[in-house]
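Note on naming: letters A, B, ... go to the chains in the order of the sequence lines (proteins, then strands), and numbering restarts at 1 for each one.
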Amino acid sequence: MPELPEVEVTRRSFADAIQGARVTGLRLGKPLRWPIGVDPETLLGSRVGSTQRRGKYLWLPLENRGGLLMHLGMSGSLAFLEATPAPGAHDHFDLHTDRGLLRLTDPRRFGAVVWAAALDAEPVATLLGGLGLEPFDERFDGLHLHAALSGRRVSIKQALLAGDIVVGAGNIYACEALFMAGIDPRLPAGKLSRPRADKLAAAVRTVLGQALEAGGTTLRDFRDAHGVAGSFQMQAQVYGREGLPCLRCATPIRRIVQGQRSTFFCPSCQKR
DNA sequence: AGGTGCACCTGATGGC
DNA sequence: TGCCATCAGGTGCACC
């Protein structure tokens with residue numbers, strides 16, 4: 001489910017409400033991607049700080065007690081609830097506080113909740129260490145993108161998705177950004193010209209920004225922490241539109257597979 | 001070092 | 001209705 005816009009929309013939907021809350025209990029459901037790595041008892045009584053986002057990860061600082069790194073995987077979502085309903089089959093992590101319950105629902109369990117003493121302490125430091133620039137970081141521009149892509153033989157689509165150059169664009173937004181920039185997703189990354197790198201960097205920011213404004217993309221189950229769905233799927237130009245006419249030129253949108261993931265593009269508007 | 005494929009897990013959907 | 005194959009918003013890791 002969640003790419004950067006969905007994670008950021010989720011963060012904004014509960015960060016203020018949970019900040020300053022006192023942890024009163026933790027409940028672990030079925031195993032997630034990694035063990036939490038801490039005795040839940042040791043976190044009781046700590047205060048929640050200001051929730052941060054890095055890439056598609058969220059960092060929940062716990063005053064004097066390190067913090068929790070959360071990832072939503074493919075199917076995860078967070079809810080911040082006033083009441084404390086009994087956990088359902090896919091509710092695998094509950095953080096009870098005196099201001100409400102932060103609950104992770106994740107059917108596929110590719111998500112994670114991992115404790116660390118600090119953001120720069122293991123295992124979090126390693127998980128975040130390989131991440132590229134934030135798309136809205138002023139250092140992320142065509143110059144940076146072009147330099148980072150030089151010599152790389154993978155397709156530009158896969159290079160975007162890898163997250164080691166710029167974070168945040170997953171399968172939907174990588175496709176959409178490449179469409180916006182008019183770039184064929186199969187183009188070898190190292191062959192992208194400098195002017196087109198400028199265009200692509202701008203497109204990544206624009207697409208992610210538009211998705212953020214739309215409250216994210218809800219294909220089936222994405223909700224923010226108050227249950228509000230996103231609407232960016234209404235504006236998607238190529239993602240999920242195989243065989244339908246390109247909204248710009250009416251050529252049928254194509255679907256191909258790159259790195260075992262679907263890529264959608266317009267064979268006429270997007271050039272090598 | 002960069003590229004490739006696999007692994008993790010559950011549910012929805014479509015064809016026969 | 002049942003069964004099987006395919007697909008899905010992510011990413012760390014082993015291996016070449």
Starting at [atom1] of [X] and ending at [atom2] of [N], how long is that distance when rounded to a whole Å?
X: Trp34(A); N: dG10(C); atom1: CH2; atom2: C1'; value: 10 Å
X: Leu72(A); N: dG9(C); atom1: CG; atom2: P; value: 15 Å
X: Asp221(A); N: dG9(C); atom1: CG; atom2: P; value: 12 Å
X: Asp106(A); N: dA8(C); atom1: CG; atom2: P; value: 18 Å

Side-chain donor/acceptor of Glu122(A) to backbone N/O of Thr126(A), under 3.5 Å: yes
Gln237(A) (side chain) donor-acceptor with Phe179(A) (main chain) under 3.5 angstrom: no
With Glu8(A), the salt bridge (Lys or Arg N to Asp or Glu O under 4.0 Å) member among Lys56(A), Arg53(A), Arg54(A): Arg53(A)
So what does [X] touch, heavy atoms closer than 4.0 Å: a base, only the sugar-phosphate, or nothing?
X: Arg153(A); answer: sugar-phosphate
X: Tyr57(A); answer: sugar-phosphate
X: Leu161(A); answer: nothing

Are the side chains of [X] and [Y] in touch, meaning some heavy atoms are under 4.5 Å apart?
X: Arg65(A); Y: Val23(A); answer: no
X: Phe14(A); Y: Leu60(A); answer: yes
X: Arg109(A); Y: Lys30(A); answer: yes
X: Glu176(A); Y: Tyr239(A); answer: yes
X: Val113(A); Y: Leu28(A); answer: no

Chain A contact limits on DNA chain B, taken 5' to 3' with a cut-off of 4.0 angstrom to heavy atoms: dG3(B) to dG11(B)
Test side-chain contact (heavy atoms from CB on, under 4.5 Å) applied to Phe222(A) and Thr10(A), Thr217(A), Leu72(A), the passing residue: Thr10(A)
Phosphate-side-chain proximity, Tyr173(A) and dG9(C), N/O vs OP1/OP2 below 4.0 Å: no
OP1 or OP2 of dG9(C) under 4.0 Å from side-chain N/O of Ser75(A): no
Span that lies between the P atom of dT6(C) and that of dC6(B), in whole angstrom: 14 Å
Gap in Å between the two P atoms, one belonging to dG5(B) and one to dC7(C), rounded: 16 Å
5′-ward residue of the pair Gln158(A)/Arg109(A) relative to DNA chain B: Gln158(A)
Pairwise 5' ranking along DNA chain B for Arg33(A) and Arg220(A), keeping only the more 5' one: Arg33(A)
Ring-on-base stacking dG10(C) with Phe110(A) (under 5.5 Å, under 30°): yes
Pairs under 3.5 Å (N/O, protein and nucleotides 14-16 of chain C):
none

Over 12 foreign heavy atoms within 6.0 Å of CZ, Arg272(A): yes
Same apolar cluster: Leu119(A) and Met70(A), side chain cutoff 4.5 Å: no
Stems involving DNA chain B, each a run of at least 3 consecutive Watson-Crick or G-U pairs under 3.5 Å: B:2-8 with C:10-16, B:10-16 with C:2-8
base_contact_polar (dA8(C) base, Arg261(A) side chain, donor-acceptor, <3.5 Å): no
Basic-acidic side-chain contact under 4.0 Å: Arg103(A), Asp91(A): yes
